[in-house]
Amino acid sequence: MQPFTRRVIHIIQNIPEGYVMTYGQIAEAAGSPRGARQVVRILHSMSAAHKLPWHRVVNAKGMIALMDEESRFKQILYLSSEGVLADEEGRVDLEQHRYQPGEDFSWPDEEEH
DNA sequence: GCCATGGCTAGTA
DNA sequence: GCCATGGCTAGTA
């Protein structure tokens, strides 16, 4: 696994309950400000294997980005169970729920697989 | 080639 | 609604 991929996974795993991050935010935090689509790709292909809280990731407008009805419903359900409510459009309040990793944020050790 | 983006513009109301 | 974006993988040479 490449360093960028490893960092993205680590960041997503550390989004606390009740918060969300955007694709672009995660890409930037992982060191690649224009890598939002990679974050998409990683979420799409690695969420299950790494047990990622994929539902805590939304697009830059705060919208649920999934098109599939079932996944969409599931994401809204998971979020609401954590206190993050989506409106009819599928938008959450970023002002209130956006997570910013603090300065105490630590990267995993390299030896960690 | 994939992909669950993002940011900007054209064009409508 | 258009289109530039990019790290990675699959698949070919």
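Residue numbers begin at 1 in each chain, while the letters A, B, ... track the order of the sequences. This structure is a prediction, so every number in the text was calculated from the model and none was measured.
Residue contacts shown for A:Ser45 are absent, as no nucleic acid heavy atom lies under 4.0 Å away. At the heavy-atom level, A:Thr5 lies under 4.0 Å from the strands shown only through sugar-phosphate atoms.
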I'd like a table of donor-acceptor pairs (distance under 3.5 Å, sequence neighbours excluded) in which one partner is a side-chain atom from residues 57-65 of chain A, with atom names and distances.
unit_1: A:Asn59; atom_1: OD1; unit_2: A:Lys61; atom_2: N; d: 2.9
unit_1: A:Asn59; atom_1: OD1; unit_2: A:Gly62; atom_2: N; d: 3.3
unit_1: A:Asn59; atom_1: OD1; unit_2: A:Met63; atom_2: N; d: 3.0

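Here the closest non-hydrogen pair linking A:Ala27 and A:Ala36 is CB-N, 3.6 Å.
Annotation: side-chain hydrogen bond (donor to acceptor under 3.5 Å, both in side chains) contacts of A:Glu82 (sequence neighbours excluded): A:His55, A:Arg56. By the side-chain hydrogen bond (donor to acceptor under 3.5 Å, both in side chains) test, A:Arg98 pairs with A:Gln25, sequence neighbours left out. In this structure A:Tyr99 satisfies the ring pair (Phe, Tyr, Trp, His ring centres under 6.0 Å) test together with A:Tyr19, sequence neighbours excluded.
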Could you go over nucleotides 5-11 of chain B and give all protein N or O partners under 3.5 Å, atom names and distances?
unit_1: B:dT5; atom_1: O4; unit_2: A:Arg37; atom_2: NH1; d: 3.3
unit_1: B:dG6; atom_1: OP1; unit_2: A:Gly24; atom_2: N; d: 2.7
unit_1: B:dG6; atom_1: OP2; unit_2: A:Ala60; atom_2: N; d: 2.6

With Watson-Crick and G-U wobble geometry limited to distances under 3.5 Å, how should the secondary structure of DNA chain B be encoded in dot-bracket form, using | for bases paired to another strand and [ ] for crossing pairs? |||.||||.....
Pair A:Leu66-A:Gln75, side chain to side chain contact (heavy atoms under 4.5 Å, CB included): steps then yes or no: CA-CA 9 Å; A:Leu66 286 160; A:Gln75 182 168 11; 3.2 Å; yes
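Connection of A:Phe73 to A:Leu43 is not established within any shared hydrophobic cluster, with ILVMFWY side chains joined at heavy-atom distances below 4.5 Å, either directly or through further cluster members.
Between A:Ile11 atom CD1 and A:Ile15 atom CD1 the span is 8.5 Å, to the nearest 0.5 Å.
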